[in-house]
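First comes the structure, then the notes that go with it.
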Amino acid sequence: MYLHSGCQIAVSPDTKHFAVDWLGVEVTRATLGIIGMGSIGYKVAQRARAFNMKILYHNRNRRRKEEEEAVGASYCEKMEDLLQQSDFVMLVVNLTPETHKLIGRKELGLMKPTATLINISRGAVIDQDALVEALQNKVIRAAALDVTYPEPLPREHPLLKLNNIIITPHIGTATIQAIHMMAEEAIANMLAVLNGQPIPSEVFPK
């Protein structure tokens with residue numbers, strides 16, 4: 001949360017000194033709870049391992065034991081257990097009828113008051129009204145959202161007026177390299193269909 005406001009202080013014409021008691025929270029050795037351990041969630045776990053984080057995950061299907069061991073991840077069959085234990089909770093799920101408003105008032109209330117909620121999936125996975133209330137009342141420490149609903153939020157939305165949230169404009173894949181890879185993957189899928197071959201990135205509707 002200090003990155004954005006810290007940058008403003010660093011460049012402000014009114015700044016004469018930096019506060020010495022302006023302290024953040026370590027991710028090293030903190031507990032990361034990943035909700036949704038598909039291919040993206042697993043890559044998040046690989047990166048978190050580099051920070052020596054304790055990794056918990058909740059998913060419809062448990063990963064193979066060797067996959068868990070490779071990133072040091074522990075499976076939580078109940079999402080509630082993950083929410084109660086995690087210092088950082090990251091949402092990496094698809095938006096489906098089952099995950100719509102997956103995180104609401106009850107779920108936020110289960111999280112630690114020192115915890116941060118991170119959403120890189122879809123905005124509607126979180127009940128935003130409940131999130132506003134939780135952030136205002138310090139039910140959780142902070143939130144970081146790359147996605148909201150709608151996008152962009154109306155300029156008068158209360159989430160935009162809080163100082164314990166970071167919102168970015170859905171830029172999780174906004175790099176030149178990522179866009180090129182996405183285009184190449186889309187072309188590979190189209191060519192497979194035209195040639196009657198198995199589709200590399202086929203999505204099976206539930």
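Only heavy atoms go into these numbers, but all of them, side chains included; no hydrogens, no water, no symmetry mates.
- Smallest separation of non-hydrogen atoms from T99 and T96: OG1-N, 2.8 Å.
- The local environment of CD in E66 is crowded, with over 12 non-hydrogen atoms from other residues, nucleotides or ligands closer than 6.0 Å.
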Please step through side-chain hydrogen bond (donor to acceptor under 3.5 Å, both in side chains) for the pair R141 and T116, ending with a clear verdict. CA-CA 6 Å; R141 185 181 73 90; T116 297; 3.1 Å; yes
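- Follow the hydrophobic side-chain contacts under 4.5 Å out from V93 and you never reach M37; the two are in separate clusters.
- Here the closest non-hydrogen pair linking L108 and A134 is CD1-CB, 3.9 Å.
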N/O donor to acceptor pairs below 3.5 angstrom from side-chain atoms of residues 17-30, sequence neighbours left out:
none

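- K112 places a side-chain N or O within 3.5 Å of a backbone atom of Q85 that can act as its donor or acceptor partner.
- Counting non-hydrogen atoms of neighbouring residues, nucleotides and ligands closer than 6.0 angstrom, the CD1 atom of I171 exceeds 12 such neighbours.
- Side-chain contact check for L102 versus I126: every heavy-atom pair is 4.5 Å or farther apart.
- K54 meets the salt bridge (charged side-chain N to carboxylate O under 4.0 Å, His left out) test with no other residue; sequence neighbours excluded.
- N164 and L135 get closest at one heavy-atom pair: ND2-O, 3.1 Å.
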Identify all side-chain donor-acceptor contacts of residues 153-161 below 3.5 Å with residues at least two apart in sequence or on another chain.
| unit_1 | atom_1 | unit_2 | atom_2 | d |
| --- | --- | --- | --- | --- |
| R155 | NE | L153 | O | 3.3 |
| R155 | NH2 | L153 | O | 2.9 |
| H157 | ND1 | L159 | N | 3.0 |
| K161 | NZ | E156 | O | 3.1 |

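- Hydrophobic clustering (ILVMFWY, side-chain heavy atoms < 4.5 Å, transitive): V147 and V132 are in distinct clusters.
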Show me the donor-acceptor pairs within less than 3.5 Å that the side chains of residues 183-195 make with the rest of the protein, sequence neighbours left out.
| unit_1 | atom_1 | unit_2 | atom_2 | d |
| --- | --- | --- | --- | --- |
| E185 | OE2 | S201 | OG | 2.3 |
| N189 | OD1 | S201 | N | 2.9 |
| N189 | ND2 | E185 | O | 2.6 |
| N189 | ND2 | S201 | OG | 3.4 |
| N195 | ND2 | L191 | O | 3.0 |

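- The side-chain heavy atoms of L82 and V89, taken from C-beta on, include a pair separated by under 4.5 Å.
- Atom OG1 of T148 and atom CG of L131 lie 11.0 Å apart (nearest 0.5 Å).
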Show me, pair by pair, the donor-acceptor contacts under 3.5 angstrom made by side chains of residues 42-52, not counting sequence neighbours?
| unit_1 | atom_1 | unit_2 | atom_2 | d |
| --- | --- | --- | --- | --- |
| Y42 | OH | E67 | O | 2.7 |
| R47 | NH1 | K43 | O | 3.0 |
| R49 | NH1 | V71 | O | 3.4 |

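- For the side-chain hydrogen bond (donor to acceptor under 3.5 Å, both in side chains) condition, the pairs that include at least one residue of residues 165-175, sequence neighbours left out, are D146-T168, E151-H170.
- Residues I35 and L83 approach most closely at CD1-CD2, 4.2 Å, considering heavy atoms.
- In this structure a side-chain-to-backbone donor-acceptor pair under 3.5 Å is missing from D81 to Q84.
- One hydrophobic cluster, built from ILVMFWY side chains closer than 4.5 Å, holds both I140 and L110.
- Q128 contributes a side-chain N or O that, together with a main-chain N or O of Y149, makes up a donor-acceptor pair within less than 3.5 Å.
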Test log, rule side chain to side chain contact (heavy atoms under 4.5 Å, CB included), inputs I118 and F88: CA-CA 7 Å; I118 303 163; F88 299 88; 4.3 Å; yes
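- Under a hydrophobic clustering in which Ile, Leu, Val, Met, Phe, Trp and Tyr are joined whenever their side-chain heavy atoms come within less than 4.5 Å, directly or via other members, I55 and I120 fall into the same cluster.
- With values rounded to the nearest 0.5 angstrom, S74 atom OG is found 15.0 Å from H58 atom NE2.
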Decide yes or no on side chain to side chain contact (heavy atoms under 4.5 Å, CB included) for L117 and I103, but give the supporting numbers first. CA-CA 10 Å; L117 178 65; I103 302 298; 4.2 Å; yes
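- Although no hydrogens or angles enter the test, the distance criterion places a donor-acceptor pair under 3.5 Å between the side chain of T15 and the main chain of I9.
- Formation of a donor-acceptor pair under 3.5 Å by the R63 side chain with backbone atoms of Y75 is not found in this model.
- No path of Ile, Leu, Val, Met, Phe, Trp and Tyr side chains, each step under 4.5 Å between heavy atoms, connects M90 with M79, placing them in separate hydrophobic clusters.
- At a threshold of 4.0 Å, the pair R60-E98 does not count as salt-bridged, since none of the basic side-chain nitrogens sits closer than that to a carboxylate oxygen.
- Environment of CD1 in I40: sparse, with no more than 12 heavy atoms of neighbouring residues, nucleotides or ligands closer than 6.0 Å.
- Residues E80 and K78 are not paired through a salt bridge, judged by the lack of any N-O separation under 4.0 Å between the basic side chain and the carboxylate.
- Under 4.0 Å is where a charged nitrogen must lie from a carboxylate oxygen, and between R105 and D127 no such pair does.
- A distance of 8.0 Å separates OG of S121 from CG of L95, quoted to the nearest 0.5 Å.
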